[in-house]
2 protein chains.
Amino acid sequence: MYDYPEEVKLLKALTHPARLAILEILRGGEECVCHLEAALGVRQAYISQQLMVLRDAGLLQDRREGWNVYYRIIRPEIYSVLDAVRQMAGMPEARLTLTPIVCTCPNCKEENTHQVNIPVELLNVR
Amino acid sequence: MYDYPEEVKLLKALTHPARLAILEILRGGEECVCHLEAALGVRQAYISQQLMVLRDAGLLQDRREGWNVYYRIIRPEIYSVLDAVRQMAGMPEARLTLTPIVCTCPNCKEENTHQVNIPVELLNVR
DNA sequence: AGATAATATTCAAAAGGATGAATATAATAC
DNA sequence: GTATTATATTCATCCTTTTGAATATTATCT
């Protein structure tokens, strides 16, 4: 019996809630780890662990810039898989929070330069 | 963090070599368990175990006819997932043995009525 | 250099999935 | 009824994955 090594390896990397969530966030382009941390609300080390799995599966690549490390998708075809899965799972609407996430990375700081009146805690909620 | 319960459930059902092989065989339409057994060359009980997983995931339905139980796909959308996965995994060619599989079910017996000169053992080989 | 910020890795315990072996069920034939 | 054929289920063991906790690394700032 042929044992589909590549397919299984790929599916294994996908079969995990936090990893699915990370991939969904990265649809919008590269993000730093602290951004993922803010968006998912889980420990940083945990996110790094899941990023490692996705990196080892050849789906992500990282890029260091000063203190921050930015991750991005290098196999965009992954989204045809995820779209097909989402289609089957029902609920085809985007379920990502569209709430602007703010973390400490330079990108976020810059984006929010003109919103200093909004308390940071409120930006992460809901 | 949203935990993608449906997506993970579906992906879990797929992430297994024997189950992928079964789904590939069932692309061609419903088959009895003994057919899958002949095609995959593994124990019957093992196949039943994997069929149970696919059934519990809502992908398959069975139909009894005398001694034999025939399984068929009831969520054909699964193949858009599998096609996308196969695409990413490379090797887009069909890798199924196109060798005619012969088992003891009525379907197979009928198909081979006029081939009595060919020893059955040879039909399963290669 | 030391302090701090962001991220990564290692390790161990717990949970979950895979598999073989044995046995159970269901339908048919005699 | 018993025997036989096809398929299903249960159980125990092994193996892998998940997760938390602690620690390490890398870069920047002073």
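Note that the coordinates shown come from a computational prediction; the quantities given were computed from them, not determined experimentally. Here is how names work: the chains are called A, B, and so on, in the same order as the sequence lines, proteins then strands, and each is numbered from 1.
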Practice item. Nearest 0.5 Å please: distance from the CG atom of B/L82 over to the CG atom of B/L20. Key: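 Here the rounded value is 6.5 Å.
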
Point to revise | Spatial distance of atom CD (B/E37) from atom CD (B/E31) [nearest 0.5 Å] | key: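 Here the rounded value is 13.5 Å.
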
Practice item. Salt-bridge test for A/K12 and A/D56: reply yes if a basic N is under 4.0 Å from a carboxylate O, no otherwise. Key: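 Looking at A/D56 together with A/K12, the answer is no, because their closest N to O distance does not fall below 4.0 Å.
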
Atom [atom1] of [X] to atom [atom2] of [N]: distance rounded to whole Å?
X: A/D56; N: C/dT10; atom1: CG; atom2: P; value: 11 Å
X: B/E65; N: C/dT28; atom1: CD; atom2: C1'; value: 13 Å
X: B/D62; N: C/dA26; atom1: CG; atom2: C1'; value: 13 Å
X: A/E30; N: C/dT7; atom1: CD; atom2: P; value: 12 Å
X: B/L54; N: C/dA18; atom1: CG; atom2: P; value: 11 Å
X: B/H16; N: D/dT16; atom1: NE2; atom2: P; value: 13 Å
X: A/L60; N: C/dA8; atom1: CG; atom2: C1'; value: 15 Å
X: A/R63; N: C/dA8; atom1: CZ; atom2: P; value: 13 Å

For [N], does OP1 or OP2 lie under 4.0 Å from any side-chain N or O of [X]?
X: B/T104; N: D/dT5; answer: no
X: A/N68; N: C/dT7; answer: yes
X: A/H35; N: C/dA6; answer: no
X: A/R64; N: C/dA6; answer: no

Would you confirm whether [X], through its side chain, and [Y], through its main-chain N or O, come within 3.5 Å as a donor-acceptor pair?
X: B/R75; Y: A/M88; value: yes
X: A/Y4; Y: B/R19; value: no
X: A/Y79; Y: A/R27; value: yes

Review point. Out of D/dT26, D/dA6, C/dT19, which nucleotide sits closest to the side chain of B/W67?
Key: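 Ranking D/dT26, D/dA6, C/dT19 by closest atom to the B/W67 side chain puts D/dA6 first.
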
Check your understanding: Taking the side chain of B/Y71 as heavy atoms from C-beta outward, which of D/dT26, D/dA8, D/dT18 is closest to it?
Key ->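 Nearest to the side chain of B/Y71 among the choices is D/dA8.
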
Exercise for review: Pull out every residue in residues 40-51 of chain B that has a heavy atom closer than 4.0 Å to any atom of DNA chain C, ordered by number, or say none.
Suggested key: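 The stretch gives B/R43, B/A45, B/Y46, B/Q49 as the residues lying under 4.0 Å from the strand, ordered by number.
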
Exercise for review: Pick base, sugar-phosphate or nothing for B/Y70, based on heavy-atom distances below 4.0 Å to the nucleic acid.
Suggested key: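 Touches nothing.
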
Exercise for review: Indicate if A/I22 and A/I74 have the same hydrophobic cluster label, given that clusters are the connected sets of ILVMFWY residues with side-chain heavy-atom separations under 4.5 angstrom.
Suggested key: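 A/I22 does not cluster with A/I74.
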
Review point. For B/V33 and A/G66, take the nucleotide of DNA chain D holding the closest heavy atom to each; which residue's nucleotide lies nearer the 5' end?
Key: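 Going by which nucleotide is closer to the 5' end, it is B/V33.
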
